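The chains referred to below are lettered A, B, ... by the order of the sequence lines, with proteins before strands, and numbering in each begins at 1. If you're wondering where the values come from, they're calculated on a predicted model, not measured in any experiment.
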Amino acid sequence: NLMGARLAGSHVDTQEPKINPLVSISDEPETLYKRLSLLVKGHDKAVLDSYEYFAVLAAKELGISVEKVDKPPKTIERFTLLKSVHIYKKHRVQYEMRTHYLCLELKYLTGSTAAVYLEYVQRNLPEGVAMEVKKTKIERIPEHIKKPVWDTLPQVEEAEVKS
Amino acid sequence: TPLSPQARAARVRVGKGDKPVTYEQAHPPHYIAHRKGWLSLHTGNLHGEAGAAERAVEDSFLRRFMYGTFPGLLADEVVLKRRGNLLVVCALLSRALPPSKIYFLVGYTETLLSHFYKCPVRLELQTVPARVVYKYL
């Protein structure tokens, strides 16, 4: 009797599949992305280089194909101010702000893969670095565009044309 | 009085050789991104990003606050990092105060600044036996 009571709560004979509470399975179809474009901006080129290594490694580990890694040229924003508080117009000071860019393009992702990758990569974004994400979605052609309109219209009677 | 043709910004002038100067103080501002790094890291100054002025005001307040709450203890400039909502204040202290007092000051700054700026503020400290001298000017 005691043996039966002890085995009642144990999982020895039940073989239920273990459900991970963090993974959710839904019936709606996955959104598909043709391209995921990440533009990363920063002041320090070394920081962007190390971030590129990190992002490419993360994509490879998750099995995402990297289309290309582009490095657009830097933009320099310069302005010239007066050096002194009062007069001395001929003496000026020049400041500049350099922004380096890094463009990562990943192709053919599902919605959940994109969500996981973006969350991981954005949580580890270094300070002083900004990111812009552009997603290109693939959708089915809507039903009303599939056939050309002139095929679906009812045939115009010839009597109307003569009059 | 006529002006001197040399620039005077963020430069420590050469003296008799008895003035200890840290690496940060020794390099004039044209060495930023070459030999120096940035003291405050945020996205306000990037091309196409907004909020630079607000960050600058917050930075100046934070530096004065740190200078006041740790009187005489700061070994070098305070480094401010912003990751999303989180503000990380990195400071280098000397070992003049006992650790219990430093823990109190850390808790005080973190809670006060979090309530003031409505964002999580984290203080990361490192203690140094004395100021790290780069050269004597």
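Both A/Ile64 and A/Val66 sit in one connected hydrophobic cluster of ILVMFWY residues. Membership requires side-chain heavy atoms under 4.5 Å apart, directly or through other members. When hydrophobic clusters are built by joining Ile, Leu, Val, Met, Phe, Trp and Tyr residues whose side-chain heavy atoms come closer than 4.5 Å, directly or via intermediates, B/Met66 is not grouped with B/Val79. A single hydrophobic cluster is not seen to contain both B/Leu74 and B/Val21; linkage of ILVMFWY side chains at heavy-atom distances under 4.5 Å, directly or through other members, places them apart.
Within 6.0 Å of atom CZ in A/Arg123, 12 or fewer heavy atoms from other residues, nucleotides or ligands are found, so the atom counts as exposed in its surroundings.
For the atom pair NE2 (B/His47) and NZ (A/Lys74), the distance works out to 14.0 Å, reported to the nearest 0.5 Å. For the atom pair CG (B/Asn45) and CZ (A/Arg98), the distance works out to 14.5 Å, reported to the nearest 0.5 Å.
Salt-bridge check for A/Glu127 with B/Arg83: passed, with a basic side-chain N closer than 4.0 Å to an acidic carboxylate O.
Looking at B/His42, the atoms closer than 4.5 Å to chain A (heavy atoms on both sides) all sit in the backbone: N, CA, C or O.
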